[in-house]
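To keep things clear, I will list the structure first and then write my remarks on it.
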Amino acid sequence: QRVGIGLGLTDHWDNTGARVSEIVPYSPAAEAVAFSKGDRVVSVDGVDVRGKKAEEIKPLIVGRAGTVVEIGIVPNLPVRLGGMSGFRNGESAGRSDVVLVSVHRALRVETTQARQAER
């Protein structure tokens with residue numbers, strides 16, 4: 001079964017590429033605590049997607065449940081609040097360069113937060 005990570009994308013008005021438009025609650029993207037609305041998506045599994053439309057990027061993110069996808073983002077916010085568990089190699093969210101976030105593809109009900117919410 002092919003699944004995503006719970007990350008909504010939209011094209012930016014200035015044609016600079018896709019931005020995060022939604023983070024589905026209890027999804028793998030939400031559990032990563034690394035994405036914010038407005039973050040610019042610049043790579044997927046090492047493939048440069050700068051300037052590509054959201055509809056071109058989405059098929060690269062979707063994959064087999066349980067596999068990992070690495071999303072490169074340029075954060076929209078200068079400082080992130082909360083956990084940084086989704087950031088690889090201790091990269092700082094306050095920098096303007098690319099942050100790589102590894103996320104397991106899963107159905108919403110398979111995530112840790114969703115299981116805890118059901119209790």
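Computed from a predicted structure; not experimentally measured.
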What are the two closest non-hydrogen atoms of A29 and G6, and how far apart are they? CB-O, 3.8 Å

Check V103 against A32 and note the closest heavy-atom contact, atom names and distance. CG2-CB, 4.2 Å

Audit row: V62, V3, side-chain contact (heavy atoms from CB on, under 4.5 Å) steps and yes/no: CA-CA 5 Å; V62 173; V3 297; 5.9 Å; no

Name the atoms and distances for all side-chain donor-acceptor pairs under 3.5 Å in residues 43-52, with sequence neighbours left out.
from: S43; atom 1: OG; to: G72; atom 2: N; distance (Å): 3.3
from: D45; atom 1: OD1; to: E70; atom 2: N; distance (Å): 2.8
from: D48; atom 1: OD1; to: R50; atom 2: N; distance (Å): 2.9
from: D48; atom 1: OD1; to: R50; atom 2: NE; distance (Å): 3.3

Decide yes or no on side-chain contact (heavy atoms from CB on, under 4.5 Å) for I5 and I61, but give the supporting numbers first. CA-CA 8 Å; I5 61 170; I61 295 173; 3.9 Å; yes

Indicate whether the side chain of R105 and that of T67 have a donor and an acceptor atom separated by less than 3.5 Å. yes

Heavy atoms, side chains only, cut-off 4.5 Å: are L9 and V41 in contact? yes

Rounded to the nearest 0.5 Å, what's the gap from CG on D39 to CD1 on I23? Could you check? 7.0 Å

How close do S21 and T10 get, heavy atom to heavy atom, and via which atoms? CB-CG2, 3.6 Å

Distance (rounded to the nearest 0.5 Å) between S27 OG and E22 CD: 8.5 Å

Considering only heavy atoms from C-beta outward, does the side chain of D97 approach that of V74 to under 4.5 Å? no

Apply side-chain contact (heavy atoms from CB on, under 4.5 Å) to residues L7 and V20 and explain how you reach the verdict. CA-CA 7 Å; L7 198 64; V20 173; 3.8 Å; yes

Trace of the side-chain contact (heavy atoms from CB on, under 4.5 Å) decision for V98 with I73: CA-CA 5 Å; V98 176; I73 59 170; over 6 Å; no

The criterion is salt bridge (charged side-chain N to carboxylate O under 4.0 Å, His left out); which residues satisfy it with K58, sequence neighbours excluded? E55

Enter the distance from H12:NE2 to R19:CZ here, rounded to the nearest 0.5 Å. 4.0 Å

Interatomic spacing from CG in D11 to NZ in K53 - rounded to 0.5 Å: 5.0 Å

